[in-house]
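Hydrogens, waters and symmetry mates are skipped; everything else that's a heavy atom, side chains included, is used. In what follows, chains are A, B, ... by sequence order, proteins preceding strands, each numbered from 1. Here the structure is a predicted model, which is why all the values come from computation and not from measurement.
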Amino acid sequence: METYTLRPRAEAPSDRRYRIDYEGELNPAQHAAATTLDGPVLVVAGAGSGKTRTLVYRVARLVESGVNPGQILLLTFTRKAAEEMLRRASALVGASCEQVAGGTFHSFANVVLRRTARRLGMKPGFTILDRSDSEDVVNLLRSRAGLDRKERRFPRKNAIVEIFSMAVNRSTTVPALLEDGYAHLYEHLEDLVRLEEGYRRYKRDRDLVDYDDLLVLLRDLVRDYADVAAQLSRTYRYIMVDEYQDTNRLQAEIVRGLAVAHDNVMAVGDDSQSIYSFRGATFRNIMEFPDLFPATRIIKLEENYRSTQPILDLANAVIERAAEKHTKILHAHRGPGGPPMLVQCADEQAQSRFICQRILELREEGVSLDDIAVLFRSSFHSFDLELELQRADVPFVKRGGFKFIETAHVKDVLAHLRIVANPRDAVSWHRVLLLLDGVGPKKADDIFTHLAEATTIEAVSEGLATYPRRGAYTKDLTHLAALLAEIAPDELPPGEKVARIVAFYTPMLRQIHREDFPKREKDLEHFITIAGRYRSVASLLSDMALEPPTDSVGNVLAAEVEEGLLTLSTIHSAKGLEWHTIFVIWLVDGRFPSYLNLHDGDEVEEERRLLYVAVTRAKDNLYLSYPIDIYDRAAGMVLGQPSRFVQGLPESILPGMQVIESGGFR
DNA sequence: AACAAGTTGTTTTTT
DNA sequence: ACAACTTGTT
């Protein structure tokens with residue numbers, strides 16, 4: 001059989017050399033940022049100010065000036081963002097830019113830690129726990145400690161994990177955190193501290209690493225192991241960090257440590273767009289960057305090339321009212337345009353109908369669905385709209401919110417794969433064993449204990465074979481052992497492994513989800529396809545934990561992709577992107593800002609910045625909409641006032657409109 | 001100890 | 001509307 005490999009086609013041959021006209025392509029501030037190569041640089045880049053373009057040209061400039069692309073590190077908020085930049089840089093100076101190291105802090109930490117795990121006393125094959133895995137572990141430890149009795153009113157697993165994570169990301173401790181912000185949980189301080197210690201030990205003993213550990217371990221590595229830090233610093237001679245306003249202190253320490261040998265760091269960010277404080281991010285990182293790196297050169301990009309003047313006027317008006325003054329005002333480069341509109345709708349259905357109709361009209365006018373996005377504060381805000389779009393045959397993708405990888409059945413399949421990669425992964429064992437008939441938490445624990453010494457799949461099979469057999473699960477255990485042995489060999493491609501697990505799992509799936517298993521089987525088919533794209537199980541597992549596929553399953557026909565796809569997205573997931581037309585829905589006080597954040601001034605401010613981010617995504621058209629006549633169960637009140645962020649804005653900046661529906665009901 | 005049915009609470013954003 | 005927890009039955 002003939003074999004061959006396909007590689008992405010380079011947009012420019014790598015040997016092609018021509019001078020890039022930096023002066024002609026960039027404005028003076030962008031030019032300064034792109035051509036200041038050595039030493040610390042802080043770029044304060046307003047929305048739409050050509051930040052990406054600037055970074056792309058800087059990568060090109062570095063490569064052009066003879067820097068080996070492998071010595072450049074580009075830390076971004078998503079891997080997609082890094083890939084996009086490197087693709088564009090490659091188009092300028094050749095495909096070698098693909099060798100630039102890039103990705104998120106978490107994925108970079110993952111790569112470095114796999115190489116250096118032994119220095120930290122860990123196995124390179126450690127397993128990454130996602131949020132729900134962490135919750136499972138904490139829940140287990142919580143009931144073991146007898147903290148699940150009702151009368152204690154001990155916090156639930158998600159609240160506990162939230163606290164542990166927040167403490168890490170804010171570089172503080174659980175007691176300090178409780179004192180300031182979680183006073184109502186103070187009575188549980190001792191138990192929580194003990195639980196946290198137990199959680200830590202549990203992970204360490206089983207080679208489990210959660211998201212926060214990735215950052216902590218990398219920080220420890222560059223802080224406490226001078227030789228490793230020096231080595232990394234020599235490897236990555238030029239470091240660029242995008243979205244710096246959404247980094248936390250740990251990440252700042254990591255940057256500081258990585259650059260120890262040279263100080264060649266460019267941080268790029270916008271304090272007005274800081275929207276991740278719930279993850280411990282602080283826009284003060286930007287202010288403090290010059291403290292971390294003395295002699296920092298500060299460059300501001302304040303020219304906006306994205307939006308029309310009226311849209312920019314609204315953006316400036318929104319941020320103008322912020323409690324803390326921001327460092328810049330955007331100047332428009334594009335001409336006039338239609339004004340943004342604040343649209344009042346009778347109720348949620350009316351809002352959905354309005355959005356849907358307006359989108360259809362735009363399409364008639366020649367605006368591709370690819371150029372339109374609907375943005376919202378919380379993922380569930382789009383549920384009703386999704387139904388309406390489906391009825392109207394408008395194809396869309398949804399970003400943010402629940403991911404396909406987080407569904408129970410996909411996690412079940414993944415758990416089998418994780419066991420093979422790390423037989424000590426207690427979380428996955430628990431999950432897999434519970435699937436068997438007649439096995440509950442107790443028995444699962446017992447079986448896992450029986451396997452405790454097993455660190456290879458051979459030993460696992462041995463262990464399962466010698467487990468005392470009684471009851472319904474006897475056969476199932478044998479089958480499980482056979483499956484694990486079957487999928488263990490490294491030669492078997494990941495796609496094939498997943499296919500075999502799915503074959504093994506499907507009967508159970510039908511049993512568990514008698515009602516809706518066809519849909520779930522489709523998901524698993526999709527997952528087999530995804531797995532087929534990977535060469536190694538390790539990279540598949542890392543990606544599933546750190547960069548899971550964001551598209552909501554392949555339920556879109558190819559023909560529809562041809563004519564374009566509407567985007568529905570949380571504002572958080574829309575960061576860094578832009579569209580011709582933007583709709584921001586549910587601009588109701590209590591939803592946006594969320595009632596959950598109304599009690600704290602800082603949190604209200606963050607929500608304000610969130611609206612600023614939403615507004616500045618728009619190039620030409622912007623609609624803000626809100627329904628009245630809403631009872632909100634969660635908030636326990638009747639909503640219906642437009643968001644405080646737009647109340648009182650002059651009509652000249654944000655004209656108010658009202659949807660009048662005619663022609664009876666639909 | 002496991003499972004099924006019934007009850008109570010809880011809602012964001014993401015690596 | 002859904003998930004987590006509780007109670008009752010096998």
Side-chain angles (χ1 to χ4, degrees), chain A residues 75-79 103-110 128-136 139 142-143 148-151 153-159 161-162 165-166 168-169 209-216 218 243 246-248 250-251 274-281 375-384 399-403 405-406 408 433-434 436-446 470-473 511-512 542-548 550 569-575 586 590-598 603 606-607 609-611 613-614 632-636:
Chain A
L75 293 169
T76 54
F77 213 70
T78 63
R79 185 181 51 183
T104 62
F105 275 88
H106 289 86
S107 64
F108 177 68
N110 175 51
I128 299 171
L129 302 180
D130 69 17
R131 187 57 173 258
S132 73
D133 295 330
S134 301
E135 288 178 2
D136 288 348
N139 211 28
R142 189 182 69 148
S143 53
D148 52 354
R149 317 202 65 81
K150 190 162 85 176
E151 63 271 23
R153 294 186 38 185
F154 201 72
R156 313 226 171 285
K157 59 181 182 181
N158 53 42
V161 171
E162 176 73 30
S165 178
M166 190 60 94
V168 173
N169 283 296
V209 168
D210 67 20
Y211 289 145
D212 304 331
D213 293 331
L214 287 170
L215 298 183
V216 171
L218 181 57
E243 309 284 6
D246 285 322
T247 58
N248 58 35
L250 273 174
Q251 289 165 317
S274 167
I275 53 176
Y276 277 86
S277 73
F278 67 90
R279 224 165 78 181
L375 306 183
F376 31 85
R377 166 74 248 262
S378 308
S379 187
F380 71 92
H381 290 172
S382 70
F383 286 170
D384 187 74
R399 307 167 50 106
F402 252 2
K403 291 189 191 82
I405 202 73
E406 288 162 354
L433 291 172
L434 279 183
L436 306 183
D437 239 11
V439 179
K442 197 79 183 176
K443 188 119 289 169
D445 216 31
D446 193 44
R470 285 170 266 119
Y473 51 86
Q511 188 84 70
I512 303 166
S542 297
D543 267 17
M544 289 308 113
L546 297 173
E547 310 260 2
T550 47
S569 175
T570 60
I571 298 169
H572 284 91
S573 297
K575 184 160 96 150
W586 273 114
R591 287 237 172 160
F592 193 175
S594 165
Y595 73 99
L596 291 163
N597 288 337
L598 290 182
E603 290 179 334
E606 174 140 327
E607 301 254 328
R609 293 192 295 270
L610 202 51
L611 178 60
V613 169
D632 191 302
R633 258 191 327 280

Requested in this report: Please check the phosphate of C:dC5 (OP1 and OP2 only) for any side-chain N or O of A:R142 closer than 4.0 Å.
Outcome: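 The answer is yes; a side-chain N or O of A:R142 sits under 4.0 Å from OP1 or OP2.
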
Requested in this report: Please determine if a side-chain N or O atom of A:S573 lies less than 4.0 Å away from the OP1 or OP2 oxygen of B:dT14.
Outcome: yes

**Report entry** Any residue meeting side chain to side chain contact (heavy atoms under 4.5 Å, CB included) with A:N248, in chain and number order, not counting sequence neighbours
**Finding:**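 Partners of A:N248 under the side chain to side chain contact (heavy atoms under 4.5 Å, CB included) test: A:N169, A:L215, A:L250, A:Q251.
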
Report task. Apply side chain to side chain contact (heavy atoms under 4.5 Å, CB included) to A:D130 and list each qualifying residue two or more places apart in sequence or on a separate chain. Result ->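 By the side chain to side chain contact (heavy atoms under 4.5 Å, CB included) rule, A:D130 matches A:S132, A:D133, A:Y211, A:K411.
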
Go through [options] for me and flag the one nearest to the [X] side chain.
X: A:S379; options: B:dT13, B:dT14, B:dA2; result: B:dT13
X: A:L596; options: B:dA2, B:dT12, B:dT13; result: B:dT12
X: A:Y595; options: B:dT15, B:dT11, C:dC5; result: B:dT11
X: A:R131; options: B:dT15, C:dC5, B:dT13; result: B:dT15
X: A:R279; options: B:dA2, C:dC5, B:dT15; result: B:dT15
X: A:P441; options: B:dA2, B:dT15, B:dT13; result: B:dA2
X: A:K442; options: B:dT13, C:dC5, B:dA1; result: B:dA1

Nucleotide [N], atom [atom2] - distance to [atom1] of [X] in whole Å:
X: A:D246; N: B:dT14; atom1: CG; atom2: P; result: 12 Å
X: A:E162; N: B:dT13; atom1: CD; atom2: P; result: 12 Å
X: A:Q511; N: B:dC3; atom1: CD; atom2: P; result: 11 Å
X: A:F154; N: B:dG9; atom1: CZ; atom2: P; result: 19 Å
X: A:N158; N: B:dG9; atom1: CG; atom2: P; result: 16 Å
X: A:L434; N: B:dA1; atom1: CG; atom2: C1'; result: 12 Å
X: A:E135; N: B:dT11; atom1: CD; atom2: P; result: 11 Å
X: A:M166; N: B:dT13; atom1: CE; atom2: P; result: 14 Å

Query raised in the report: So, A:E406 and A:R131, do they make that salt bridge, N to O below 4.0 Å?
Result: no

Query raised in the report: Can a salt bridge be assigned to the pair A:R142 and A:E135 using a cut-off of 4.0 Å between side-chain N and carboxylate O?
Result: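 Answer for the salt bridge query: no.
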
**Report entry** 5' priority, DNA chain B, between A:A444 and A:E607 [closest heavy atom]
**Finding:** A:A444

**Report entry** Given DNA chain B, 5'-ward residue of the pair A:E406 and A:D437, judged by closest heavy atom
**Finding:**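 By nearest-heavy-atom nucleotide position, the 5'-most residue is A:D437.
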
Query raised in the report: What residues, two or more places apart in sequence or in another chain, satisfy side chain to side chain donor-acceptor pair (under 3.5 Å) together with A:T570?
Result: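 Side chain to side chain donor-acceptor pair (under 3.5 Å) check on A:T570 returns A:S573.
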
Report which part of the nucleic acid [X] touches: base, sugar-phosphate, or nothing (heavy-atom distance under 4.0 Å, all strands).
X: A:Y276; answer: sugar-phosphate
X: A:S378; answer: sugar-phosphate
X: A:D130; answer: nothing

Query raised in the report: Given the C1' atoms of C:dA4 and B:dT13, what is the spacing between them in whole Å?
Result: 22 Å

Requested in this report: In whole angstrom, give me the gap between the C1' atoms of B:dT12 and C:dC5.
Outcome: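 Rounded to whole Å, the distance is 23 Å.
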
Requested in this report: Please say which of A:V209, A:L546, A:L218, A:D543 ends up in a side-chain contact (heavy atoms from CB on, under 4.5 Å) with A:N110.
Outcome: A:L546

Query - Donor-acceptor pair under 3.5 Å, A:R377 side chain vs B:dT13 base - result: yes

Report task. With sequence neighbours left out, write down each residue that passes ring pair (Phe, Tyr, Trp, His ring centres under 6.0 Å) with A:H381, or none if nothing qualifies. Result ->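 Result, ring pair (Phe, Tyr, Trp, His ring centres under 6.0 Å) vs A:H381: A:W586.
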
Report task. Please name all residues satisfying ring pair (Phe, Tyr, Trp, His ring centres under 6.0 Å) with A:F77, sequence neighbours left out, ordered by chain then number. Result ->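 Once residues adjacent in sequence are excluded, the partners of A:F77 under the ring pair (Phe, Tyr, Trp, His ring centres under 6.0 Å) criterion are A:Y276.
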
Requested in this report: Would you say whether A:F278 stacks on B:dT13? The test is a distance between ring centres of less than 5.5 Å and an angle between planes of less than 30°.
Outcome: yes

Query raised in the report: In Å, rounded to the nearest 0.5 Å, how long is the span from CD1 of A:I275 to CD of A:E606?
Result: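 Separation between the atoms: 7.5 Å.
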
Query raised in the report: Can you list the stems that include DNA chain B, where a stem is three or more consecutive Watson-Crick or G-U pairs with distances under 3.5 Å?
Result: B:1-10 with C:1-10

